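Working notes, structure below.
Just so it is clear, the model here is predicted, and its values are computed rather than measured.
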Amino acid sequence: MEFVMIVEPDEVGRKRLEAVFQTEKPSFSYQITGRPEEALDILEHQKTDVLVCETSLSVLSGREFFTMAKMISPDTVRVAMTSAEHVKDILSFLNECDIYKLIMKPCASFADFIEPVNAALEYHRLKKQAESDLEQANMNLFFSEKDFERIEERQKENVMLYKQAAEVVMTMLKQHLTIGQMDSVGEYMMEHYLRDLLGYYLETMIHENGNYLMGYNRLKNEFHHEDARQSFHMIKKEDCEIPPEIFRKILFLLMILTKACRQILGKYTVSVTMETASEKFFVVRFSCDYSQNLDKNGQIIYTGENQECHKDIMDLTEKITDSIVYRTVSLEKENRYILNCAIERSHHEADS
């Protein structure tokens, strides 16, 4: 379990945190102390993923504490807590001590404290994964004959996937779209839409490593923009271990579905749940809440773009979805479009 070290010298603030943690039950293990020297000792002897510390300390300055913490445990992600009157002081050493997040005190709610901590934990996970990938890449610099055979086999797979991509695009153009019947604006939009879909396919099916956290981070970067009222959230059940080759398909599927929501609705709230359904299937539950797109009569307000494209986008999305998943079940409930997709764990297992 991930470990978070919290240094809060103020006794009232420390007791408040301890009380809230007893109620909220965080997903990580933690220790709260009022003594920075105790925290430094723990850093030296125990693997610590995230360190949270108040910058106003009695024995050490904030700069001195975080400098020592960085020297003792450079891999630990550091988060600083401070009040408004001390912000000017901490700005002078934020970069020097690699402070990842800043929590402003007093916190209006527990979320103001826990969200930066969770963000720091996710950053730590991604950082470790990136280091692992780099280490693996360095190891691969020493090739054996078997290594070259694997590279050659992978190259053949890439060629096959590129051919599949070309076939997918040609099928779109020839059978499922009405580009020739559109005006110049509609034709321009659909050409760019197809280019995006092809880019998603190549990136996810060929260049993506199939890592869940990296895939989730990519989806969030692409489709979660609060200022535009576009929300994307995804969870994977604890017992759901998805092989990289299957997750790449799921990632492509989610990009296609969410892209359609953005193109047609503009504003959306998408939530995704992945879980193991049986020995043969995973289930991906995709939900798009369009309640913020309703007018006073309860009718859906679509984007102001070329309306002729919407039907083609929906038809195209359905065709691609059907080509990826084993079976789909869709329904509409309480201003939400819900699509349940059964994904084969592997073609071999599903056929046996």
Full working for side-chain contact (heavy atoms from CB on, under 4.5 Å) between Leu102 and Met104
CA-CA 6 Å; Leu102 183 61; Met104 295 299 299; 4.2 Å; yes
Walk me through whether Phe247 and Asn211 qualify under side-chain contact (heavy atoms from CB on, under 4.5 Å).
CA-CA 8 Å; Phe247 183 70; Asn211 176 272; over 6 Å; no
Quick one: is the NZ or CZ of Arg345 closer than 6.0 Å to the six-membered ring centre of Phe282, and within 45° of its axis?
yes
Using the six-membered ring wherever Trp is involved, compare the ring planes of Phe21 and Phe28 and label them parallel, tilted or perpendicular (cut-offs 30° and 60°).
perpendicular
Does the pair Glu11 and Lys15 meet the rule for a salt bridge (Lys or Arg N to Asp or Glu O under 4.0 Å), with working shown?
CA-CA 6 Å; Glu11 185 176 359; Lys15 288 183 177 179; 3.2 Å; yes
Glu226 atom CD, neighbour heavy-atom count above 12 within 6.0 Å:
no
Under the 3.5 angstrom rule, does the side chain of Asn217 hit a backbone N or O of Leu213 as a donor-acceptor pair?
no
I'd like to know whether Leu60 forms a side-chain contact (heavy atoms from CB on, under 4.5 Å) with Leu40, so could you lay out the CA-CA distance, the side-chain angles of the two residues, the decisive distance to 0.1 Å, and finally the verdict.
CA-CA 12 Å; Leu60 301 170; Leu40 292 174; 4.2 Å; yes
Give a yes or no answer on whether the side chain of Lys236 reaches the backbone of Cys240 with a donor-acceptor pair at less than 3.5 Å.
yes
Judged by atom type as modelled, is there a donor-acceptor pair below 3.5 Å linking the side chain of Arg229 to the main-chain atoms of Tyr268?
no
Could you give me the CA-CA distance, side-chain angles and deciding distance for Arg78 and Lys70, then say whether side-chain contact (heavy atoms from CB on, under 4.5 Å) is met?
CA-CA 8 Å; Arg78 290 166 287 281; Lys70 182 179 178 181; 3.7 Å; yes
Does any N or O in the side chain of Thr33 come within less than 3.5 Å of the main-chain N or O of Arg35, such that one atom is a donor and the other an acceptor?
yes
Are any non-hydrogen side-chain atoms of Gln129 and Tyr212 less than 4.5 angstrom apart?
no
Passes ring-ring contact (aromatic ring centres under 6.0 Å, His included), Phe281 versus Tyr326? Steps please.
CA-CA 9 Å; Phe281 298 103; Tyr326 177 78; 4.8 Å; yes
Any side-chain heavy-atom pair of Glu96 and Thr67 under 4.5 Å
yes
Tell me whether Glu64 contacts the main-chain N or O of Ser61 through its side chain, where contact means a donor paired with an acceptor under 3.5 Å.
yes
To the nearest 0.5 Å, tell me how far Cys107 SG sits from Arg16 CZ.
9.5 Å
Which residues satisfy the salt bridge (Lys or Arg N to Asp or Glu O under 4.0 Å) test with Lys105, sequence neighbours excluded?
Glu8, Glu54
Atom pair CD1 (Ile338) and OG (Ser287), whose distance is rounded to the nearest 0.5 Å
5.0 Å
Candidate pair Glu332 and Tyr290, rule side-chain hydrogen bond (donor to acceptor under 3.5 Å, both in side chains), full reasoning
CA-CA 11 Å; Glu332 290 195 48; Tyr290 54 81; 2.7 Å; yes
Below 4.5 Å, heavy atoms only, C-beta onward: do Val79 and Leu51 meet side chain to side chain?
no
Enter the distance from Leu121:CG to Tyr100:OH here, rounded to the nearest 0.5 Å.
10.0 Å
Would you check if the side chain of Asn340 reaches a backbone N or O of Arg285 as a donor-acceptor pair within less than 3.5 Å?
no
For Val50, does its backbone N or O pair with a side-chain atom of Thr48 as donor and acceptor, under 3.5 Å?
no
Under 4.5 Å between any side-chain heavy atoms of Ile235 and Met274, yes or no?
no
How many angstroms lie between atom CD of Glu122 and atom CG of Asp49, to the nearest 0.5 angstrom?
13.5 Å
So which atom in Ser330 and which in Tyr337 form the shortest heavy-atom distance, rounded to 0.1 Å?
CB-OH, 3.7 Å
Looking at Pro116 and Ala111, what are the two nearest heavy atoms and their distance?
CD-O, 4.0 Å
Between Ile343 and Leu253, is any pair of side-chain heavy atoms under 4.5 Å apart?
yes
Side chains of Leu126 and Met214: does their closest heavy-atom pair fall under 4.5 Å?
yes
Filter on ring pair (Phe, Tyr, Trp, His ring centres under 6.0 Å), then keep only pairs touching residues 217-238, sequence neighbours left out; what's left?
His224-His233
Donor-acceptor pair, distance only, cut-off 3.5 Å: does the side chain of Asn293 make one with the backbone of Leu265?
yes
Starting at OG of Ser271, measure out to CG of Asp289 and round the result to the nearest 0.5 Å.
8.0 Å
Here the pair of heavy atoms bringing Thr273 nearest to Lys237 is CG2-CE, 3.9 Å
Do the side-chain N and O atoms of Tyr200 and Glu222 include a donor-acceptor pair separated by under 3.5 angstrom?
yes
Can you tell me if Thr82 and Thr55 form a side-chain donor-acceptor pair at under 3.5 Å?
yes
Pick one: which of Ile6, Val7, Val52 meets side chain to side chain contact (heavy atoms under 4.5 Å, CB included) with Ile32?
Ile6
May I ask you to test the Glu2-Val4 pair for a side-chain heavy-atom distance under 4.5 Å?
no
Quiz question: by atom type and distance under 3.5 Å, do the side chains of Glu38 and Gln31 form a donor-acceptor pair?
yes
Side-chain heavy-atom pair Leu294, Ile301 within 4.5 angstrom cut-off:
no
Using a 3.5 Å distance criterion without hydrogens, assess whether the side chain of Asp295 forms a donor-acceptor pair with backbone atoms of Asn297.
yes
Greater than 12 external heavy atoms within 6.0 Å of Glu245's CD
yes
Under the 3.5 angstrom rule, does the side chain of Thr328 hit a backbone N or O of Asp322 as a donor-acceptor pair?
no
